[in-house]
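Worth saying up front: this structure is predicted, and the values here are computed from it rather than measured. Positions are given from 1, in the same order as the sequence printed here.
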Amino acid sequence: QGISARAVIPKNDDGTFTILNIPQTRYRVEMGAGLPTNLYVSDVRVGPLNVFDSGFEVGKEPLAPLQVSLRSGAATVEGVARDGSNKPVANATIVVIPPDGRRENRELYKTAKSDASGKFSVRGIAPGNYKLFAFEGLAGGEFYNARFLSKYESRGKTINVTQGGTSMETLTVIESN
């Protein structure tokens, strides 16, 4: 559940911030579009517990301090989206999707659009293993839905991105209509 569409800016030199009057429910940390592309979220903790993939509960009891760790050295995936005839596809949605056990963590998903010549660049990716897809005709975030993705899973390209690395890929676009 989102708290708000506005940015939460740290008010102290040590990076701490406060968000007041949060409804009781389950939350996950997602960084907004303002995060520099060379940074990625490397960990999220509530007290000693790692909650990066699982999220955390805000309830009646005070929450232990929430710690969001950022690291420099985010990876980049660049390439070209092509159709079945090997022609470049403009405006394809390129999606980097985490492995099965981490798919509830939307912070690990990264997207971009291909340009008029089919070229794309996806930035801000945490190092690790992913599947890479190029879709045509998506309305929104369908790729977050396990049932939707299961129809196309075998057509994703398995990639491994390294700290600060750039991967070059050619993708065949999947028509998702």
Side-chain angles (χ1 to χ4, degrees), residues 1-8 27-44 52-55 68-177:
Q1 175 170 332
I3 295 172
S4 72
R6 69 183 180 349
V8 176
Y27 292 94
R28 291 183 181 353
V29 170
E30 286 186 56
M31 300 305 285
L35 187 67
T37 58
N38 68 322
L39 296 178
Y40 65 94
V41 176
S42 62
D43 196 13
V44 177
F52 190 27
D53 291 336
S54 64
V68 180
S69 299
L70 304 177
R71 272 206 182 134
S72 62
T76 300
V77 176
E78 297 179 342
V80 178
R82 300 188 177 278
D83 65 14
S85 305
N86 210 28
K87 294 179 185 167
V89 176
N91 207 33
T93 301
I94 312 305
V95 187
V96 177
I97 297 179
D100 285 339
R102 303 193 77 189
R103 289 194 177 164
E104 292 297 317
N105 185 345
R106 289 190 177 193
E107 180 60 30
L108 295 174
Y109 289 73
K110 299 297 176 191
T111 63
K113 290 281 193 177
S114 61
D115 66 14
S117 60
K119 292 181 181 176
F120 64 85
S121 181
V122 186
R123 301 183 185 284
I125 307 167
N129 296 311
Y130 295 89
K131 276 215 172 168
L132 185 61
F133 295 84
F135 290 105
E136 190 172 38
L138 288 186
E142 296 95 328
F143 48 83
Y144 292 122
N145 181 292
R147 177 178 275 165
F148 170 84
L149 197 56
S150 70
K151 295 186 281 186
Y152 306 106
E153 187 79 36
S154 65
R155 296 181 64 190
K157 186 172 197 174
T158 301
I159 60 169
N160 178 278
V161 295
T162 59
Q163 181 90 12
T166 299
S167 177
M168 301 298 289
E169 306 292 342
T170 299
L171 299 175
T172 301
V173 173
I174 300 166
E175 292 184 31
S176 61
N177 302 353

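The backbone N or O of Ser42 lies less than 3.5 Å from no partner atom in the side chain of Ser69, so there is not a single donor-acceptor pair. Between the side chain of Arg28 and the backbone N or O of Ser54, at least one donor-acceptor pair lies under 3.5 Å.
Atom-to-atom distance recorded for Ile159:CD1 and Leu171:CG is 8.5 Å, nearest 0.5 angstrom. Note that CD1 of Ile97 is 11.5 Å distant from OG1 of Thr158, once rounded to the nearest 0.5 Å. Taking CD1 from Ile125 and OG from Ser167, the interatomic distance works out to 8.0 Å, rounded to the nearest 0.5 Å. Atoms NZ and OG1, on Lys113 and Thr93 in that order, are 3.0 Å from each other to the nearest 0.5 Å.
In this view, Thr166 and Thr76, Glu78, Met168 satisfy the side-chain contact (heavy atoms from CB on, under 4.5 Å) rule, not counting sequence neighbours. In terms of the side-chain contact (heavy atoms from CB on, under 4.5 Å) criterion, residue partners of Ser117 (sequence neighbours excluded) are, by chain and number, Asp115, Lys119. Contacts of Ala74 classified as side-chain contact (heavy atoms from CB on, under 4.5 Å), with partners at least two apart in sequence or in another chain: Tyr40. For Asn129, the side-chain contact (heavy atoms from CB on, under 4.5 Å) partners two or more places apart in sequence, or in a different chain, are Asn160. Looking at residues two or more places apart in sequence or on another chain, you find no side-chain hydrogen bond (donor to acceptor under 3.5 Å, both in side chains) involving Ser114. Considering only residues two or more places apart in sequence or on other chains, Glu30 meets the salt bridge (Lys or Arg N to Asp or Glu O under 4.0 Å) condition with none of them. Contacts of Thr172 classified as side-chain hydrogen bond (donor to acceptor under 3.5 Å, both in side chains), with partners at least two apart in sequence or in another chain: none. Scanning for side-chain hydrogen bond (donor to acceptor under 3.5 Å, both in side chains) contacts around Arg123 gives Ser121, with sequence neighbours left out.
What you find for Ser72 and Gln163 is that their closest heavy atoms are O-NE2, 2.7 Å. Nearest heavy atoms, Ala75 versus Thr162: CB-O, 3.4 Å. The shortest non-hydrogen separation linking Pro98 to Asn105 is CG-O, 4.4 Å. Taking all atoms of both residues into account, the shortest heavy-atom contact from Phe148 to Glu142 is CD2-O, 3.4 Å. Looking at every heavy atom in both residues, Gly124 comes nearest to Lys110 through O-CE, 3.1 Å. Between Val29 and Glu107, the shortest heavy-atom contact is O-CB, 3.8 Å.
Side-chain contact between Asp53 and Leu108 is present, with heavy atoms from C-beta onward closer than 4.5 Å. In this structure, the side chains of Leu35 and Leu70 come closer than 4.5 Å at one or more pairs of heavy atoms.
Aromatic ring orientation, Phe135 versus Tyr152: perpendicular (interplanar angle above 60°, classes split at 30° and 60°).
Under the salt bridge (charged side-chain N to carboxylate O under 4.0 Å, His left out) criterion, the residue pairs touching residues 144-161 are Arg103-Glu153, Lys131-Glu153, Lys157-Glu169, with sequence neighbours excluded. Applying the salt bridge (charged side-chain N to carboxylate O under 4.0 Å, His left out) test to every pair with at least one member in residues 82-95, sequence neighbours left out, gives no pairs at all. Counting only residues at least two apart or on different chains, the ring pair (Phe, Tyr, Trp, His ring centres under 6.0 Å) pairs with a member in residues 99-132 are Tyr109-Tyr144.
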